[in-house]
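Sequence lines set the chain letters: A, B, ... in the order given, protein chains first and strands last, and positions in each chain run from 1. These numbers come from a predicted model, not from an experiment. Every heavy atom of this structure was used, including side-chain atoms; hydrogens, water molecules and symmetry mates were not.
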4 protein chains.
Amino acid sequence: MGASAIPETARRGRPLSERTENAILGATAALLDEKGLSEITMEEIAATAGVGKASLYRRWPSKGTLAFDAFGARFLSRQPLVDTGSLRGDLTAALRAWLRTVHNTRTGRTLRGLIAEVQRDDALASAWNERFLTPVRARHRVMIERAVARGELPHDADSDLLLDLAYGPLYHRLLHGHLPLTVGFVDDVVAAVMAAGRAGDPAGAPRG
Amino acid sequence: MGASAIPETARRGRPLSERTENAILGATAALLDEKGLSEITMEEIAATAGVGKASLYRRWPSKGTLAFDAFGARFLSRQPLVDTGSLRGDLTAALRAWLRTVHNTRTGRTLRGLIAEVQRDDALASAWNERFLTPVRARHRVMIERAVARGELPHDADSDLLLDLAYGPLYHRLLHGHLPLTVGFVDDVVAAVMAAGRAGDPAGAPRG
Amino acid sequence: MGASAIPETARRGRPLSERTENAILGATAALLDEKGLSEITMEEIAATAGVGKASLYRRWPSKGTLAFDAFGARFLSRQPLVDTGSLRGDLTAALRAWLRTVHNTRTGRTLRGLIAEVQRDDALASAWNERFLTPVRARHRVMIERAVARGELPHDADSDLLLDLAYGPLYHRLLHGHLPLTVGFVDDVVAAVMAAGRAGDPAGAPRG
Amino acid sequence: MGASAIPETARRGRPLSERTENAILGATAALLDEKGLSEITMEEIAATAGVGKASLYRRWPSKGTLAFDAFGARFLSRQPLVDTGSLRGDLTAALRAWLRTVHNTRTGRTLRGLIAEVQRDDALASAWNERFLTPVRARHRVMIERAVARGELPHDADSDLLLDLAYGPLYHRLLHGHLPLTVGFVDDVVAAVMAAGRAGDPAGAPRG
DNA sequence: TCGTAACCGAGACGGTACGTCTGGTCTTTTT
DNA sequence: AAAAAGACCAGACGTACCGTCTCGGTTACGA
């Protein structure tokens, strides 16, 4: 989304300035630390970065994509993959890390704002999927694969299902706020995922 | 949110017109059938309703609250509570009804737009909780209570947890769109909730 | 303009309340003492008078006519007609009284506001002429007639012209503010009118 | 009032477009030819000019100042200064030109509207003085100076007074409409000014 | 070493929508 | 039936941002 794509041949003309790019990303991150995405304007980002608005639009097509670039790396870096030796341990570690990252934090507010933005912008939705959800899920999927290798889960365990069972309830409370996001809740969710996994290949259950 | 609050004594001056209110709600609903919430403007609603803008702001403080009033009743009416005689049957019926209501429908798009709006407006978030989430969850909780009465679930089953386990994964796919919302997925989620429920008090203890 | 028109027969229903009328005129006068006519709204007048807007529009068709009624009598009462025994004395007394009334006073500001209002409302312009200009000019014309009777002016002296020669320059400076309105200026204008009057029939003929 | 002020150094950013400015002034002038200033809205001017509202407010702080810029030059150009060889001739030519320009013309209606506007806006009043009244009076003052040079008026003739004696009665009738603005009236006013001028230094008359 | 293409910051551009305000009218209940 | 209250429709107000374009100027490649 940001500056990428190595040109086949060196492109003519003045190249995009790395300083400008960093200034924009820095200003965006700083503003996201202060307030919600919907309260930030492109003009404000440009002014804060000491940059013309055109330099924003030259790189990112919308506020959402820019915020996503300014936000994504930091978020991903806070979702480490640890190997505790058991699926329950891995899941607990992963979901608690997610909880710490988003619960009552500026990062959580930004994440909510980005998900809101995704609902109104199909292009951003694609980017969100490819650049954020896919990698984070690939990382999480490793937990499932290790559990299969250990024999904790059957060979045909549905990793997509299990991940949605784990993260779905958490995002649900994050976005709707109907009930608190607590460590206890996270542990209950982990227990439920364990139960569902042990119950055998859920995809094999009879359905209509 | 809209006209409410029974006056202690008859209020002075010209009362809010029911015709005007209905015209506004009707226009909003019609526009929500055409396009997304974020593409609709208050000016457009007023013009469609043949009403002054002030008559909108006199009743609703924001577009979100208005959309919520125009949308809520319809949505709730499409989430019937049926008694099939078993928890699995009840859950399957409820989640499939939800799926039919939101999957690739205008209602689904509107629901996504409203959830996005809720992320940026605390007042709307409260209304969303009180006027939408709380009643819909109360209705769904009946399923859990019936299962407890039947002996399908232990007495201390955590209905909040079970409902989040059921609806969380569905909303997750609705909002992120990383994987399709299918009947098969719904049935898998039901199976997982059943497994989690049978496993006893999910909040705690080791299970064999 | 205001409450007038004696009913042929006693009118049916509740009569227009004199209290209401006085409250409106009082509120208007009070507001005109505070600020300019263009900064006052009908809603403000109604609120200040503790009266419904309909009670304003029932009596006066526009803000200008109302202001005119609230203002007119006071202004006229401050333009006394004195008989000093000479045209120069009469004119000096009249123009100086006008100067005292309007120079750097709230009355002057209101007068300017009303004249501005008259430019954009033909109905008000008529009222202004009939109810304000005509009576005040009739009163001033007496000065000219007395001067003719004394032999200070020829029998065919054009009183309209002489009055416009006297008041025109004063209103000019009041409305344009290009030069100060001073007693010296008033006296110079009186001298000029005297000269013009003495020169014989101003409408015509060559003079030596 | 509009785009002016030569920049000390080349100004940064995109300069104000002359095309836009002309479009706005043209649209304003066209609308002023159709109807009165008070019936014209900023939105209408922007739409007619094919221009955003911000481009109006970027240049002019109010409708009055804009109308003034659109109107001023045209009006001034219709008040030529001719040298007829005598004060009476010069005055007659100037006042008759004024009469032709404003009597029952769109220009006259606009002039009345602007004078009304000036009464409610101090900033506009200043502009009106500096940019309209001062130059037009400077031009007219030449008539007086030539008359002094010819010996028609004493050396200490008060040009401000004489100009107000000449134009005051005309504006008086224009704004109040109590009596018609005719050529005969103009000639009478000229005669009066001549008489006042010949009567010697009016400023020297005794006063209290 | 020059030309030129694409960048740079600044800010004006045509637009849209905002939420407020006012005008003049209409609809209540109360007097 | 007029009173006070206040909602009604209509639409202008001046502001804020949008995403694009224009300006004078800079940078770095390729000829």
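Taking the nucleotide of DNA chain E with the nearest heavy atom to each of R14(B) and R14(D), the more 5' of the two is matched to R14(D). Residue G13(B) is the one, among G13(B) and G13(D), whose nearest nucleotide of DNA chain F lies closer to the 5' end (criterion: closest heavy atom).
Distance, R19(C) CZ to dA2(F) P: 18 Å, rounded to whole Å. Separating the CG atom of L56(A) from the C1' atom of dG11(E) is a distance of 14 Å, rounded to the nearest angstrom. For the pair R59(C) CZ and dA2(F) P, the interatomic distance rounds to 10 Å; values are reported in whole Å. Rounded to whole Å, the distance from CD on E21(A) to C1' on dC7(E) is 13 Å. The CZ atom of R12(D) sits 6 Å away from the P atom of dG11(E) (whole-angstrom rounding). Across the protein-nucleic acid pair, R120(A) atom CZ and dC18(F) atom C1' stand 14 Å apart, rounded to whole Å. Look at CG on L66(A): it is 16 Å from C1' on dC17(F), rounded to the nearest Å. For L16(A) and dA5(E), the CG to C1' distance is 13 Å, given to the nearest whole Å.
Partners of F132(B) by ring pair (Phe, Tyr, Trp, His ring centres under 6.0 Å), not counting sequence neighbours, listed by chain and number: F75(B), W128(B).
Looking only at distances, no side-chain donor or acceptor of K53(B) sits under 3.5 Å from a matching main-chain atom of M42(B). Put simply, the side chain of R59(A) never gets that close to the backbone of L66(A): no donor and acceptor are under 3.5 Å apart.
Taking 4.5 Å as the limit, every side-chain heavy atom of I40(A) sits out of range of all side-chain heavy atoms of E34(A). Residues T110(B) and L37(B) have side chains not in contact (no heavy-atom distance under 4.5 Å, counting atoms from C-beta outward).
Under a 4.0 Å N-O distance rule, the pair E117(A)/R120(B) qualifies as a salt bridge. Using a 4.0 Å cut-off between a side-chain N of Lys or Arg and a carboxylate O of Asp or Glu, E44(D) and K35(D) qualify as a salt bridge.
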Reading 5' to 3' through nucleotides 14-19 of chain E, protein heavy-atom contacts under 4.0 Å coded B for base, S for sugar-phosphate only, - for none: BB-BBB

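Distance from the side chain of P15(A) is smallest to dA28(F) among dC8(F), dA5(F), dA28(F).
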